[in-house]
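Read the structure below first, then the notes.
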There are 2 protein chains.
Amino acid sequence: MTSVEEPARPGERIRDAARTRAEILDVATREFARAGYDGARVDEIAARTRTTKRMIYYYFGGKEQLFTAVLERAYGVIREAEQQLDVDHLDPVAAIRRLAEVTFDHHERHPDFIRLVSIENIHGAQHIAASEELGRMGSPALDVIRRILAAGRESGLFTADVDAVDLHAMISAFCFFRVSNRHTFGALFGRDLVDPAQREHYRTMLGDMVIAYLTAERTAD
Amino acid sequence: MTSVEEPARPGERIRDAARTRAEILDVATREFARAGYDGARVDEIAARTRTTKRMIYYYFGGKEQLFTAVLERAYGVIREAEQQLDVDHLDPVAAIRRLAEVTFDHHERHPDFIRLVSIENIHGAQHIAASEELGRMGSPALDVIRRILAAGRESGLFTADVDAVDLHAMISAFCFFRVSNRHTFGALFGRDLVDPAQREHYRTMLGDMVIAYLTAERTAD
DNA sequence: CAAACAATGTACGAACCAGTACGTTAGCTA
DNA sequence: TAGCTAACGTACTGGTTCGTACATTGTTTG
């Protein structure tokens with residue numbers, strides 16, 4: 001037919017299920033992260049893709065399942081980053097610092113992920129609960145933390161009997177808050193926690209905090 | 001007219017501007033916190049009050065301004081709690097611990113506030129920016145922190161030259177995350193950070209962490 | 001090469017929802 | 001007690017938004 005309006009772009013197939021699906025996910029991620037679950041518009045997501053709203057319902061079933069799919073992929077990304085974490089050659093202190101830095105960097109590089117998690121918490125984690133994939137997806141970081149803590153305890157470097165999940169919460173809290181509450185914190189205290197000029201400062205601060213906690217003599221309780 | 005349907009309840013005036021306004025704010029706080037800004041319904045808020053939707057627009061002007069008013073009151077509550085904080089009679093270590101505990105307790109007791117702040121961050125803190133009241137409202141906690149840090153530094157108890165805003169961020173991050181990310185964290189790691197049985201554990205952990213950071217010898221940088 | 005099916009597009013509907021036009025009443029004050 | 005105004009209620013509208021019925025086209029396979 002060789003239409004003038006629609007030049008046959010070579011290499012770009014008209015029909016490509018995988019690409020269409022992926023493009024919808026990309027756009028939906030941005031849109032949900034930008035406006036929240038209820039603020040996001042299915043029509044708007046469709047408009048920003050090269051396909052139509054019909055395809056969203058064809059591939060995902062509905063807005064709710066689309067959001068779940070977005071979450072699944074976002075969590076998949078951080079799981080991958082954690083899996084590539086190799087700290088077995090480091091001493092416990094350096095290993096914990098490295099882990100904290102990787103977590104710090106990932107949160108900073110993925111503000112959309114942070115926003116999605118915030119949004120999911122507003123909705124009581126109902127999409128995670130409804131997702132099989134997210135249910136059985138453990139956290140590689142937790143295993144790493146467990147190993148480091150065991151090594152640190154044995155070598156006598158780490159004082160207390162710290163729980164791996166607790167330490168993960170401590171590190172995540174700092175990294176997450178810095179990004180998630182950037183706007184209100186900035187508006188109220190006049191300081192941008194994600195200011196690039198302060199990046200090294202906060203990255204060091206996190207490591208110092210965690211190491212200080214792990215190596216301090218605990219007050220008897 | 002002495003209607004059978006509407007018994008004249010004594011002590012409950014039919015017309016009370018202040019009470020109506022306050023009731024709208026109460027209900028709106030719950031509703032916004034429950035469903036987010038876009039998820040909340042003006043009709044639903046009105047239905048849960050003893051008045052009508054018309055009054056919301058009469059008193060607040062619109063949904064946007066209503067949310068701003070809700071935020072202003074919520075921040076006012078935490079500011080009051082901070083103002084009643086008296087730690088001048090304590091030594092720096094005890095004072096910091098006390099401050100951390102008060103912050104911890106307030107976050108735990110006001111999950112709606114946490115949710116509102118999360119929601120406001122999703123929207124880029126635009127309502128705070130639009131509010132004069134919130135703009136000039138400082139943080140009493142910051143002044144307290146500054147005083148404690150100065151005392152701790154002078155007495156040689158605290159090592160480093162820690163910034164008050166940074167310390168506030170550190171404490172807030174832990175307290176905030178524990179409540180704000182309760183649902184996703186619980187779903188993914190099988191641990192309820194707000195479990196009453198764990199409350200003392202996390203309250204102590206926060207204090208230990210902050211004190212360890214403030215008293216540790218810092219690695220040269 | 002002809003079914004058969006996967007992938008895609010169009011057009012529409014029904015419910016929802018923020019906001020308002022307009023009318024009413026309580027309670028204070030002159 | 002007349003009259004005025006703040007406080008309140010009803011009923012509606014215009015636009016939006018999720019979801020779908022129905023039609024169509026590319027692609028693969030027997």
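These numbers come from a predicted model, not from an experiment. Note on naming: letters A, B, ... go to the chains in the order of the sequence lines (proteins, then strands), and numbering restarts at 1 for each one.
Note on Ala40(A): only backbone sugar-phosphate atoms sit closer than 4.0 angstrom, heavy atoms only; bases stay farther off.
Asp192(A) places no side-chain N or O within donor-acceptor distance of the main-chain N or O of Gly186(A), the cut-off being under 3.5 Å.
Residue Tyr202(B) comes nearest to Phe174(B) through the heavy atom pair O-CE2, 3.7 Å, listed as atom of the first residue, atom of the second, then distance.
If you take OH of Tyr57(B) and P of dC17(C), they are 12 Å apart, rounded to a whole angstrom. Atom CD of Gln65(A) is separated from atom C1' of dG19(D) by 12 Å (rounded to the nearest Å). Rounded to a whole Å, the CD1 atom of Ile45(B) is 11 Å from the P atom of dG19(C). Summarising the geometry, the separation between CZ on Arg19(B) and P on dG27(C) is reported as 13 Å, rounded to the nearest angstrom. Ile56(A) places its CD1 atom 11 Å from the P atom of dG9(C), with the value rounded to the nearest Å. For the pair Glu44(B) CD and dA18(C) P, the interatomic distance rounds to 11 Å; values are reported in whole Å. Whole-Å rounding puts the Asp38(A) CG to dT16(D) C1' distance at 14 Å. In this structure, the OH atom of Tyr37(B) is 14 Å from the P atom of dC17(C), given to the nearest Å.
Contact check on Arg203(B) versus Glu200(B) returns a salt bridge, with a Lys/Arg side-chain nitrogen under 4.0 Å from an Asp/Glu carboxylate oxygen. Contact check on Glu101(B) versus Arg98(B) returns a salt bridge, with a Lys/Arg side-chain nitrogen under 4.0 Å from an Asp/Glu carboxylate oxygen. With salt bridges taken as basic N to acidic carboxylate O contacts below 4.0 Å, none links Asp163(A) and Arg146(A).
Partners of Glu31(A) by salt bridge (Lys or Arg N to Asp or Glu O under 4.0 Å), not counting sequence neighbours, listed by chain and number: Arg34(A), Arg48(A).
Taking side-chain N and O atoms only, Arg41(A) has a distance below 4.0 Å to OP1 or OP2 of dC18(D).
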- Using a cut-off of 4.0 Å between protein heavy atoms and nucleotide atoms, how would you tag nucleotides 4-15 of chain D 5' to 3' with B, S and -? --BBBBB-----

